[in-house]
Amino acid sequence: MNLTPLPRSFYEGSALEIAPAMIGTLLVHRVPEGTLAARIVECEAYRGPEDLAAHSAGGRRTRRTEVMFGPPGHVYMFRLYGMHWAFNVVVSPEGCPHAILVRAVEPVLGADIMAARRGVEPGSVRLTNGPGKLCAAMGLDAATYGADLCAPKAGALPEIFLAPGAAGAKVCRSARINVDYAGAWARKPWRFYERGNRYVSVRPRD
DNA sequence: GAATAGATTGTCT
DNA sequence: GACAATCTATTCT
C-alpha cells in the first residue's frame, strides 16, 4: 500500500475532473490510536459560485465557507442536520470555491478502531456508507476544518491526506443526493461512485 | 426492503 | 427563528 500524499497539483483542476479521479484513492487520517485508511467509493462535486447546490453558491463567503475560497488541497467540514459532520476536499485555484464531498468510503486500515468509534461490527457496511458515518468512524470533526492535505507534519506525513489507490475502479455517475432545493442544479450528474461497491450509499433518485 | 418520524445545533436571515 | 449536502429506530409490507 502506498501511503504517500497526493501532490497539491492533484487538487488544482476543476471539481468535475477531480471528483471521478478521487474514486479509489485512499483517505488517510493519523489518530492517537493508529493510522486509519479507507478507499473513497462515492463523492460529489460542488462548484460554486454558479452551482446553487453548493454552500458557496452566489459567492457566499462566510466563516463557514471561507476555506473553499482559499488554495486547493484543504479540508472543508460542515455540520449537517445539527448532529453529523461532513468531509469535503477544497479543489480548483484560489478564489474558485469548488469542493468535493466524500459520501462513502471502504475501510482499508484500522477498521477495528473505526468500529470502536462507531459502536458497529467491524465488517458492517454501516461503518462508513454515508457522509456522517464516515466522519464519525474516521474521527473527522471541527478540529479537521481547514487542515492542509499536503503539509508534512514535523517532517513526516501530514496528519490527514489522500494517497493513490489501486487503479481500475469502474466509476459511474448520477444526480447528487438530497439537494432538491437547488432546482435544475440538483439534476446535474455530479455524483460519482464505484460500480458495485457495497459501501456506496445507493438511494433511488429520479 | 421501503417508508416514516425524531433527533439536535451551528449558521445565517 | 428557520433550516440543513443525515442517521437511526421503528413500523409497516
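Please read all numbers here as calculations on a predicted model, not as lab measurements. Below, read A as the first sequence line, B as the second, and so on, with proteins coming before strands; counting in each chain starts at 1.
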> Quick one: are A/Glu194 and A/Arg39 in side-chain contact, heavy atoms under 4.5 Å?
Replying inline: yes

> Over how many whole Å does the gap from A/Trp85 atom CH2 to C/dT6 atom C1' extend?
Replying inline: 14 Å

> Which of the following nucleotides, B/dA7, C/dA5, B/dT11, is nearest to the side chain of A/Phe78?
Replying inline: C/dA5

>> Can you see if the side chain of A/Arg79 gets near the phosphate of B/dT11 - specifically, an N or O under 4.0 Å from OP1 or OP2?
In response: no

> Does the side-chain ring of A/Tyr46 sit on the six-membered ring of the C/dA5 base, less than 5.5 Å centre to centre and under 30° in tilt?
Replying inline: yes

> Counting heavy atoms not belonging to A/Arg195, are there more than 12 under 6.0 Å from its CZ?
Replying inline: no

> Closer than 4.0 Å, any side-chain N/O of A/Tyr81 to the OP1 or OP2 of C/dT6?
Replying inline: yes

> Which part of the nucleic acid does A/Leu80 contact within heavy-atom distance under 4.0 Å: base, sugar-phosphate only, or nothing?
Replying inline: sugar-phosphate

>> Of the listed nucleotides (C/dT6, C/dA5, B/dT11), which one gets closest to any side-chain atom of A/Leu101?
In response: C/dA5

> Is there a Watson-Crick or G-U wobble partner for B/dT8 with both distances under 3.5 Å, and if so, which one is it?
Replying inline: none

> A/Leu127 has an atom CG; how far is it from atom P of C/dT8, in whole Å?
Replying inline: 10 Å

> How long is the line joining CD1 of A/Ile177 and C1' of C/dA4, in whole Å?
Replying inline: 16 Å

> So does A/Asn178 get a side-chain nitrogen or oxygen closer than 4.0 Å to the phosphate oxygens (OP1/OP2) of C/dT6?
Replying inline: yes

>> Among B/dT13, C/dT6, C/dA5, which nucleotide has an atom closest to any side-chain atom of A/Arg60?
In response: B/dT13

>> I want to check one thing: is the phosphate of C/dT8, taken as OP1 and OP2, less than 4.0 Å away from some side-chain N or O of A/Arg118?
In response: yes

>> Within the 4.0 Å heavy-atom criterion, would you say A/Ala182 contacts the bases, only the backbone, or no part of the nucleic acid?
In response: nothing

> More than 12 foreign heavy atoms under 6.0 Å from CD of A/Glu121: is that the case here?
Replying inline: no

>> Given C/dA9, C/dA5, C/dC7, identify the nucleotide with an atom nearest to the side chain of A/Arg126.
In response: C/dA9

> Roughly, in whole Å, what's the span from CZ in A/Arg103 to P in C/dT6?
Replying inline: 5 Å

> What is the distance from CG of A/Asn88 to C1' of C/dA4, rounded to the nearest Å?
Replying inline: 14 Å

> Within 45° of the axis and under 6.0 Å from the centre of the six-membered ring of A/Tyr46, does NZ or CZ of A/Arg176 qualify?
Replying inline: yes

> Atom NE2 of A/His55 and atom C1' of C/dC3: how far apart are they, to the nearest Å?
Replying inline: 11 Å

>> What is the separation between atom CE on A/Met83 and atom P on B/dA5, rounded to the nearest whole Å?
In response: 16 Å

>> Output the rounded distance in Å from CZ (A/Phe192) to P (C/dA5).
In response: 19 Å

> Less than 4.5 Å apart, any side-chain heavy atom of A/Thr4 and any of A/Phe161?
Replying inline: no

> Any Lys/Arg nitrogen of A/Asp148 or A/Arg8 sitting under 4.0 Å from an Asp/Glu carboxylate oxygen of the other?
Replying inline: yes

> Does C/dA5 have a Watson-Crick or wobble mate here (both distances under 3.5 Å), and if so which one?
Replying inline: none

